[in-house]
Amino acid sequence: MEWKDKVVFLTGASSGIGEALAIAIAGKGATLGLLARREELLRDLATRCESAGATARFFSCDVTDAVAVRRAADELRREFGKIDILIANAGIGGNNRATRSLEPSAVKQVIDINLLGAVNSVHAVLREMLEHGSGQLVAISSLAGIRGLPGSAAYSASKAGMTAFFESVRLDTAGKGLSVTIIQPGFIKTPLTSGRTNKMPFLMELDDAIPMFLKAIENKQKFAAFPWQLAAVVRAGKVFPAWLYDRVAGRARFRE
Ligand SMILES: NC(=O)c1ccc[n+]([C@@H]2O[C@H](COP(=O)([O-])OP(=O)(O)OC[C@H]3O[C@@H](n4cnc5c(N)ncnc54)[C@H](OP(=O)(O)O)[C@@H]3O)[C@@H](O)[C@H]2O)c1
């Protein structure tokens with residue numbers, strides 16, 4: 001895949017995986033549209049992306065605001081003519097007492113950002129990609145969406161929804177020149193996981209994870225899950241009957 005020709009719309013760009021992906025993609029010479037809420041971080045990131053060889057624009061916006069996300073995509077298309085790749089990465093862990101006690105407003109916030117924010121992002125690019133007959137939709141979902149995890153009802157539900165949403169979109173757009181890549185990482189060291197005291201098996205360094213994200217995108221993989229050790233365990237759990245799953249997962253002390 002030739003990144004130099006590509007216009008990439010990346011949500012959740014201001015920190016963690018999004019920030020590291022932006023720098024890596026910038027080094028390959030792509031054009032980047034960086035979206036998140038924290039403007040100062042985006043401004044600084046855009047400068048670093050341009051130093052690394054990319055053209056970068058930034059959009060300070062909340063993914064839950066569908067109109068604002070579309071406006072950002074429109075601006076990017078107006079300047080560069082197209083968006084080739086959407087990376088729907090914006091998300092929160094929602095690892096707090098309110099979500100754990102299933103406070104409706106706290107659960108809603110996780111679903112609004114992680115799932116509906118991704119829906120807004122897809123909606124902002126899909127029609128034009130279909131008109132062009134090309135484009136790639138990338139979901140940064142999670143292994144936490146494969147089955148419900150203890151203490152993570154909101155997050156697991158949001159990521160299960162995200163995975164199912166992108167898979168449905170893949171079916172609906174088959175044969176129309178689009179590809180859909182669903183990435184399901186395990187635990188990666190970012191601000192989202194920092195400060196956690198729970199056990200995070202096979203926790204990955206961000207620098208080790210980024211090439212795996214890039215490989216999945218470049219190869220237009222339908223699904224990519226890593227690290228392989230945790231992916232194997234979680235995928236095996238998918239076929240466990242409920243009684244066995246409850247016994248094994250109920251004992252797990254990790255969170256999303
Ligand atoms: N780290 C992990 O172990 C792990 C594992 C599996 C999946 N993931 C997924 O990977 C994605 C990135 O997570 P991360 O670990 O890199 O966390 P992070 O460092 O906290 O980054 C999250 C990004 O999402 C943005 N964001 C959050 N709410 C937003 C909103 N309402 N509108 C726009 N942007 C918003 C944040 O920017 P602003 O605050 O500036 O808006 C930030 O740029 C998430 O979807 C997460 O669920 C992470």
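In each ligand, atom 1 is the first atom listed, and ligand 1 is the first ligand listed.
- Residue-ligand proximity: G93 is placed with every non-hydrogen atom at 4.0 Å or more from ligand 1.
- A salt bridge links D44 to R48: at least one charged side-chain nitrogen sits closer than 4.0 Å to a carboxylate oxygen.
- Taking every heavy atom of S141 and a limit of under 4.0 angstrom, the matching atoms of ligand 1 come to 6 (C), 7 (C).
- Here the shortest heavy-atom distance to atom 47 (O) of ligand 1, taken over Y155, F213, F187, belongs to Y155.
- Atoms of ligand 1 lying under 4.0 Å from at least one heavy atom of S142, given by number and element, are 6 (C), 7 (C).
- Atoms of ligand 1 lying under 4.0 Å from any heavy atom of C61, numbered from 1 in the order shown and given with element: 32 (N), 33 (C).
- Applying the 4.0 Å criterion to heavy atoms of P191 picks out, from ligand 1, the atoms 19 (O).
- In this structure, E128 pairs ionically with R70, as a charged nitrogen and a carboxylate oxygen lie closer than 4.0 Å.
- Contacts of M200 with ligand 1, taken as heavy-atom pairs under 4.0 Å, are absent altogether.
- Within the cation-pi definition used here (under 6.0 Å to the ring centroid, within 45° of the axis), R147 qualifies as a partner of Y245.
- Not a single heavy atom of Q184 sits under 4.0 Å from any atom of ligand 1.
- The residue among L192, L45, N89 with a heavy atom at the shortest distance from atom 20 (O) of ligand 1 is L192.
- The residues E167 and R170 are annotated as salt-bridged, a charged nitrogen and a carboxylate oxygen being separated by less than 4.0 angstrom.
- Taking only nitrogen or oxygen atoms, main chain and side chain alike, I188 reaches within less than 3.5 Å of ligand 1.
- Ligand 1 places these atoms under 4.0 Å from at least one heavy atom of I140: 9 (C), 10 (O), 45 (O).
- Below 3.5 Å of separation, one finds an N or O of R38 facing an N or O of ligand 1.
- In T193, the part holding a heavy atom less than 4.0 Å from any atom of ligand 1 is the side chain.
- Salt bridge annotation for R57-E79: present, with a cationic side-chain nitrogen under 4.0 angstrom from a carboxylate oxygen.
- Near S15, the atoms of ligand 1 lying under 4.0 angstrom from a non-hydrogen atom of the residue are 16 (O), 18 (P), 19 (O), 20 (O), 21 (O), 42 (C), 43 (O).
- Of the options G16, G117, G91, the smallest heavy-atom separation from atom 22 (C) of ligand 1 is shown by G91.
- Considering backbone and side-chain N/O of I17, one or more are found under 3.5 Å from N/O of ligand 1.
- Applying the side-chain hydrogen bond (donor to acceptor under 3.5 Å, both in side chains) test to residues at least two apart or on different chains, the pairs with a partner in residues 218-238 are W3-E218.
- Under a 4.0 Å heavy-atom criterion, G186 is in contact with ligand 1.
- Considering both main-chain and side-chain atoms, I92 never comes within under 3.5 Å of ligand 1 through any nitrogen or oxygen pair.
- For atom 31 (N) of ligand 1, the nearest non-hydrogen atom from the set D62, V110, L206 comes from D62.
- Taking distance alone, with nitrogen or oxygen atoms compared against 3.5 Å, G12 approaches ligand 1 more closely than that limit.
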